[in-house]
**Student:** 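First the structure, then my questions, so here it is.
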Amino acid sequence: MQLSGKRALVTGGALRIGRAIVLALQSCGAEVVVHYRNSAEEARKLSPFSVQADLSDPEQCAGLIQQAGPLDILVNNASIFTKDTLSAATPDRVLQEFQVNLFAPMVLTRAFAVQAGQGAVINLLDRRIRCHDTSCVPYSITKKGLEELTRLSALEFAPGIRVNGVAPGPVLPPPDSPSISLSEISGRVPLETMPSPEQIADAALFLLQADAVTGQVIYVDGGQHLLGNGV
Ligand SMILES: NC(=O)c1ccc[n+]([C@@H]2O[C@H](COP(=O)([O-])OP(=O)(O)OC[C@H]3O[C@@H](n4cnc5c(N)ncnc54)[C@H](OP(=O)(O)O)[C@@H]3O)[C@@H](O)[C@H]2O)c1
């Protein structure tokens, strides 16, 4: 896919990794609709096209693709990250995390496939899909589910729509815990370097342009997924 002249929707695109993906797409000549929940000002600074929706609300989620207009590309980036063990997780928090991280990408991908007919989807996963991290159980389940959804939707929506995933390692500390240093949360990284948001965006651009690739996941994590739980 040539990105120039294409129209993309990036969920949670106003800040951090989403913002890097928006800027990378724009630098290739794509028109980007920036979805946001709270970050209206940042979204509007990035693009003349922005759209608000709370993805924990199924109704707002269902209308988002139509609101964004005719699309060629969907990037499911918006996410909640809660450090919850199974014992600590409350039903409300679990349902919210499932809704935003897994159910929303499912609904958006389905609506995108119907609307676009032809195009490409990128799902933001996490290198934790290769390990068993008991410190964030609901989050890990959502990202493992999203990995499977990547493959299932790649099969169901071929040949018109390609669906791929990018699985980052620790790139930025969680927005609600900015004081945690990356070295505190990163553990061992074989390449001894953390990926940048721009490197995550590069992988997304590659997959969007790789016309023979679907159902694939690229890990951008300095090799951390190779260690399984040994981090
Ligand atoms: N950061 C990392 O190191 C890392 C590591 C591995 C995987 N990832 C994955 O990479 C992606 C981007 O990571 P990130 O750290 O940049 O994400 P993030 O800052 O945690 O979240 C991205 C955006 O999601 C939006 N969002 C959250 N709840 C929402 C809701 N209920 N409805 C609509 N939007 C909602 C927020 O938009 P508003 O600001 O507009 O409210 C937020 O800015 C995520 O899928 C994440 O799981 C990140």
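We count ligands from 1, going down the list as the structure has it; atoms in each ligand are counted the same way. One is the number of the first residue; the rest follow in order along the sequence. All values reported here derive from a predicted model rather than from experimental measurement.
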**Student:** Is any side-chain heavy atom of I141 closer than 4.5 Å to one of E97?
**Tutor:**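 Contact flag for E97/I141 side chains = no.
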**Student:** Can you check whether I17 has an N/O within less than 3.5 Å of an N/O in ligand 1?
**Tutor:**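 Among all N and O atoms of I17, at least one is under 3.5 Å from an N or O of ligand 1.
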**Student:** Report the part of R127 in contact with ligand 1, treating N, CA, C, O as backbone and CB onward as side chain, heavy atoms under 4.0 Å; options are side chain, backbone, both, neither.
**Tutor:** neither
**Student:** Count the heavy atoms belonging to other residues, nucleotides or ligands that lie under 6.0 Å from CD of E156, then report whether that count exceeds 12.
**Tutor:**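 Counting other residues, nucleotides and ligands, CD of E156 stays at 12 neighbours or fewer.
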**Student:** Check M194 against V189 and note the closest heavy-atom contact, atom names and distance.
**Tutor:** CE-CG2, 3.0 Å
**Student:** Salt bridge check: are E147 and R151 linked by an N-O gap of less than 4.0 Å?
**Tutor:** yes
**Student:** State whether a side-chain donor-acceptor pair under 3.5 Å links D133 with Y139.
**Tutor:**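 No, no side-chain donor-acceptor pair sits under 3.5 Å.
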**Student:** Tell me which one of P173, S56, S79, G12 gets a heavy atom nearest to atom 27 (C) of ligand 1.
**Tutor:**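 Heavy atom nearest to atom 27 (C) of ligand 1 belongs to S79.
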**Student:** Does the pair V32 and F49 meet the rule for a side chain to side chain contact (heavy atoms under 4.5 Å, CB included), with working shown?
**Tutor:** CA-CA 7 Å; V32 186; F49 312 101; over 6 Å; no
**Student:** How does N77 reach ligand 1, if at all, at less than 4.0 Å between non-hydrogen atoms: by side chain, backbone, both, or neither?
**Tutor:** both
**Student:** Give the C-alpha distance, both sets of side-chain angles, the deciding distance and a yes or no for side chain to side chain contact (heavy atoms under 4.5 Å, CB included) between V137 and D84.
**Tutor:** CA-CA 6 Å; V137 172; D84 262 342; over 6 Å; no
**Student:** Before signing off on this row, confirm whether Y36 and ligand 1 have an N or O atom pair separated by under 3.5 Å.
**Tutor:**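 By distance alone, the answer is no.
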**Student:** Measuring from atom 3 (O) of ligand 1, which candidate in L64, D126, V171, V220 has the nearest non-hydrogen atom?
**Tutor:** V171
**Student:** My understanding is that only one of T11, L9, I65 makes a side-chain contact (heavy atoms from CB on, under 4.5 Å) with V51; could you say which?
**Tutor:**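 One option only clears the test, and that one is L9.
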**Student:** Would Q67 and V33 satisfy side chain to side chain contact (heavy atoms under 4.5 Å, CB included), going step by step from the backbone distance to the final call?
**Tutor:** CA-CA 10 Å; Q67 261 181 285; V33 183; over 6 Å; no
**Student:** Please confirm whether G13 comes under 4.0 Å of ligand 1, counting heavy atoms of the residue only.
**Tutor:**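 The answer is no: ligand 1 sits nowhere under 4.0 Å from a heavy atom of G13.
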**Student:** Report the part of A53 (side chain from C-beta onward, or backbone N, CA, C, O) that has a heavy atom under 4.0 Å from ligand 1; answer both or neither where that applies.
**Tutor:** backbone
**Student:** Is L15 touching ligand 1 with its side chain, its backbone, both, or neither, if touching means heavy atoms under 4.0 Å apart?
**Tutor:**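 Only the side chain of L15 comes within reach of ligand 1.
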**Student:** Which part of L125 is near ligand 1, with near meaning a heavy atom under 4.0 Å away: side chain, backbone, both or neither?
**Tutor:** backbone
**Student:** Going by heavy atoms, is K143 under 4.0 Å from ligand 1?
**Tutor:** yes
**Student:** List every atom of ligand 1 that sits less than 4.0 Å from any heavy atom of H35, numbering the atoms from 1 in the order shown and giving each element.
**Tutor:** 33 (C), 34 (N)
**Student:** Contact between G169 and ligand 1, counting heavy atoms under 4.0 Å?
**Tutor:** yes
**Student:** Identify, by atom number and element, the atoms of ligand 1 in contact range of P170, meaning under 4.0 Å from any of its heavy atoms.
**Tutor:** 3 (O)
**Student:** Please report, to 0.1 Å, the donor-acceptor pairs under 3.5 Å made by any side chain of residues 106-113, with sequence neighbours excluded.
**Tutor:**
{"residue": "T109", "atom": "OG1", "partner": "N76", "partner atom": "ND2", "Å": "3.4"}
{"residue": "T109", "atom": "OG1", "partner": "P105", "partner atom": "O", "Å": "2.6"}

**Student:** Select the closest option to atom 35 (C) of ligand 1 among E42, M194, Q96, R37, judged by heavy-atom distance.
**Tutor:**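 Shortest heavy-atom distance from atom 35 (C) of ligand 1: R37.
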**Student:** Is there any N or O on L55 that sits under 3.5 Å from an N or O of ligand 1?
**Tutor:**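 Among all N and O atoms of L55, at least one is under 3.5 Å from an N or O of ligand 1.
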**Student:** Between K143 and S79, is the side chain to side chain contact (heavy atoms under 4.5 Å, CB included) condition met? List the steps.
**Tutor:** CA-CA 10 Å; K143 292 295 179 179; S79 167; 3.7 Å; yes
**Student:** Answer yes or no: does an N/O atom from G18 fall short of 3.5 Å to an N/O atom of ligand 1?
**Tutor:**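 In fact, backbone or side chain, G18 has no N or O that close.
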**Student:** Which of the atoms in ligand 1, numbered in the order shown and given with their element, are less than 4.0 Å from a heavy-atom of A78?
**Tutor:** 24 (O), 25 (C), 34 (N)
**Student:** Under the side-chain hydrogen bond (donor to acceptor under 3.5 Å, both in side chains) definition, can you give me all pairs with a residue in residues 23-43, not counting sequence neighbours?
**Tutor:**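 Sorted result for residues 23-43: R7-E31, Y36-R44.
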**Student:** Which atoms of ligand 1 are found less than 4.0 Å from any heavy atom of P175?
**Tutor:** 19 (O), 20 (O)
